[in-house]
Amino acid sequence: MSVPALVPSLRWLARPLIVAVVALLTLFAATGFLGLQYQQERQAAHDLLGHSRQVLETLDRLRSITAELETERRGYLMTLDPTYLKAYGVSDEGVRREAQALLVLVADDPLQSLRAQHLALTVSAKLREIDEMVKTAGTSGQAALAMIRSMDEIRSQIDQMVDHERFRLADRETHAEAFEQRWTWLIAGAVVLVVALAGAALALARLEAKRRRQTTEENIQLQSDLAARDIKIRRLFDSNIIGIIIWEVEGRILEANDAFLRIVGYDRDDLASGRLHRYDLTPPEWRDRDVKTVAELKRVGTAQPFEKEYVRKDGSRVSVLIGGTMFAPGADQGVGFVLDLTPLKRAEAEAREHERLYREALMELAHANRVTTMGQLTASIAHEVNQPIAAIVANAEAGLNWLEAQPPNLGRVRQTFDWITGDGMRAGDIIGRIRALIRKAAPQKEDMDINQAVLEVIALTRSEAFKNGVAVRTQLAEGLPTLQADRVQLQQVVLNLIVNAIEAMAAVGEGKRELLISTDRDVSNGVHVTLRDSGPGLDPKNVECLFEAFYTTKPTGMGMGLAICRSIIEAHGGQMWAGANEPRGAVFQFTLPLASDEATSRMLKADEPTGLRSVAR
């Protein structure tokens, strides 16, 4: 428990009244517990006495029925006079019934239960023997004597059980007498407790009267404090910093400050006449939300701030942020706080317009960058296009020759036409990729294979690499996931990095010129692209400046290429960085996630380089 929570508890315990009440309640609870426990033990002792007497009564009945059965059968066996016998089976059934009742009564006593079971078995066996004697008896008294000996064994077992039960009864009577003595002491203790409680009640009454006087004085001070607090609240209400209303749950607005009246365009006369009602101020599409808010107020007593609209007196609408709370749990009145969102909405609209202009400017820069880069690769592109055109011309001449042969070789002609078609389609693909790369269009996400995009860019730059003596190698991982991205923008990134690497290695006088482009999965299961060159490398002091706008290491560079590349990668939710290659050269790397968020369709995030944002604007 924390110290602030412990202090109020100690303050309550410091009151004598509370301490006395707690002590008396504890004493009363302990006495009640002991009395209840004693009552239960006393009742248990009386139950045991009753149980023992019931066992003895059952044994007496069993002995009486056994004696009666013996008299009947012995008289019959001695005289063979049927008048000695009662209705067949009546005495026998009585003996069995009492034996079973005895078994139930002594079930909790192992010794008596064992004896009762043995007695029941003995009685059952002896009754069968006696019945056989009665059926086969003659005039002699031998059968009667045998029957008497059998009944003696039963009586002996009954007597053993009676002796044992009487011993237990005597012990239980002694125990019950001890309980009665304790009962006398318990009554005396209760009387003492009642006297003590009466005295304590008198003392507590005096303490309570004193406490009430103190409480009255505290209430007077509290009323004074509440009056001062009401003045402060009224000052806040009249300060008109924010709209404040007092309302009923049904919707009628009882009081409002000037700030709220200005928001909705009403005046004091409208408020006094009762024309201000939540239902009339709320547009139809917001009334369901108001119903949920009222339910929340009734359930928890407060409504979290939420945005909605009000209908002003002139019919126009105003966006507001409103929240409220009930004055007390279960009350039907509360207070609401209303903030006019009109300036905020205006600022958001201006921000969206500025962002739109910024994106358009950035797209213009990116398009200009692509066109500039493609202009630098004019010779390479021309070479890539001339190859399939030259092949088409050569195949066409060969086809003419096969047609002029006697007879014409139509199979060769058909094969030549197939080659011409393939070369034409290859030339069309090259031109299509170039047009797609330099076209001016809005960003468009699509499913794309990063390996295929890299290979298409390598094909466009093959001649430029060959002209500068650069060997381009690839290590493209298989089974990479499909990305949801803008193909043109990502190809622009790869194109800029390849052209920069070729230009950097062109200045190397000695050593091999090699560019290694590799793809792989990153730690987040996305795509990781790496370009390693063997050029002069990067200055460690300037690595962080490479991606800033207008920073360049080229004599004729503008310093926009890498800045645009990083912006594109970050707009797709990835990261881009550079470092040193071992033993020589530079490494440029970027990662792309599997799925991007809503910001993927935007050209830049909010935290892009300030210099680049300024240029775009």
Side-chain angles (χ1 to χ4, degrees), residues 236-360 442-445 595-603 605-606:
L236 174 64
F237 190 84
D238 296 336
S239 64
N240 295 314
I241 299 174
I242 189 174
I244 302 176
I245 56 176
I246 298 175
W247 37 254
E248 291 180 343
V249 174
E250 290 77 10
R252 188 164 65 95
I253 297 176
L254 305 175
E255 184 61 73
N257 63 353
D258 293 337
F260 177 78
L261 295 177
R262 285 196 301 269
I263 292 174
V264 296
Y266 286 85
D267 53 27
R268 287 286 169 187
D269 294 336
D270 299 321
L271 179 63
S273 62
R275 288 195 293 269
L276 282 179
H277 197 281
R278 183 179 65 245
Y279 186 84
D280 297 329
L281 293 175
T282 303
E285 64 269 20
W286 286 99
R287 288 172 184 168
D288 291 341
R289 181 64 176 86
D290 273 6
V291 171
K292 296 180 181 178
T293 304
V294 171
E296 182 182 359
L297 284 168
K298 292 180 178 179
R299 186 177 65 256
V300 300
T302 59
Q304 295 299 320
F306 66 97
E307 185 177 342
K308 64 171 290 186
E309 289 182 338
Y310 274 144
V311 178
R312 296 169 58 89
K313 187 176 181 179
D314 58 4
S316 61
R317 295 193 179 191
V318 57
S319 297
V320 296
L321 182 69
I322 182 172
T325 181
M326 306 293 291
F327 283 131
D332 60 350
Q333 293 183 2
V335 60
F337 303 93
V338 183
L339 177 64
D340 188 359
L341 297 180
T342 302
L344 178 61
K345 294 293 183 181
R346 187 183 302 115
E348 289 179 351
E350 293 176 356
R352 286 194 295 269
E353 179 62 20
H354 292 162
E355 186 173 1
R356 185 186 64 81
L357 296 175
Y358 162 68
R359 288 200 303 268
E360 291 178 356
Q444 183 178 0
K445 292 188 297 183
S596 57
D597 54 13
E598 295 179 356
T600 303
S601 62
R602 302 170 58 181
M603 293 299 298
K605 294 183 179 179

Practice task
For R312 and V318, indicate whether the former's side chain and the latter's backbone hold a donor-acceptor pair under 3.5 Å.
Solution key: no
Exercise for the section: Determine whether K308 and Y310 make a side-chain contact, defined as any pair of heavy atoms from C-beta on separated by less than 4.5 Å. Expected result: yes
Which donor-acceptor pairs under 3.5 Å do side chains of residues 336-347 form with protein atoms, sequence neighbours excluded?
unit_1	atom_1	unit_2	atom_2	d
D340	OD1	T342	N	3.0
D340	OD1	T342	OG1	2.8
K345	NZ	E307	OE2	2.4

Practice task
Determine which pairs satisfy side-chain hydrogen bond (donor to acceptor under 3.5 Å, both in side chains) with at least one residue from residues 294-303, sequence neighbours left out, and list them in order.
Solution key: none
Handout entry: Backbone of L261 reached by a side-chain donor or acceptor of R268 within 3.5 Å
Key = no
Handout entry: I245 to A256 - nearest heavy-atom pair and separation
Key = CG2-CB, 3.7 Å
Fill in the blank from the handout: CD of Q304 to OG1 of T293, rounded to nearest 0.5 Å, is 10.5 Å
Problem - Flag side-chain contact, heavy atom, 4.5 Å: T282 against V311 - result: no
Practice task
Any chance you could measure R278, atom CZ, to R287, atom CZ, to the nearest 0.5 Å?
Solution key: 11.0 Å
Problem - From CD (Q333) to CD (E250), nearest 0.5 Å - result: 9.5 Å
Problem - Separation between CH2 of W247 and CG of L276, rounded to the nearest 0.5 Å - result: 15.5 Å
Exercise for the section: Give a yes or no answer on whether the side chain of N257 reaches the backbone of F260 with a donor-acceptor pair at less than 3.5 Å. Expected result: yes
Fill in the blank from the handout: In short, salt bridge (Lys or Arg N to Asp or Glu O under 4.0 Å) pairs touching residues 317-330 with sequence neighbours left out are E285-R317, E309-R317
Practice task
For residues F327 and I246, determine if any side-chain heavy atom of one lies less than 4.5 Å from a side-chain heavy atom of the other.
Solution key: yes
Problem - Separation between CG of D258 and CG of D267, rounded to the nearest 0.5 Å - result: 10.5 Å
Handout entry: Close side-chain approach of H277 and I253, heavy atoms under 4.5 Å
Key = no
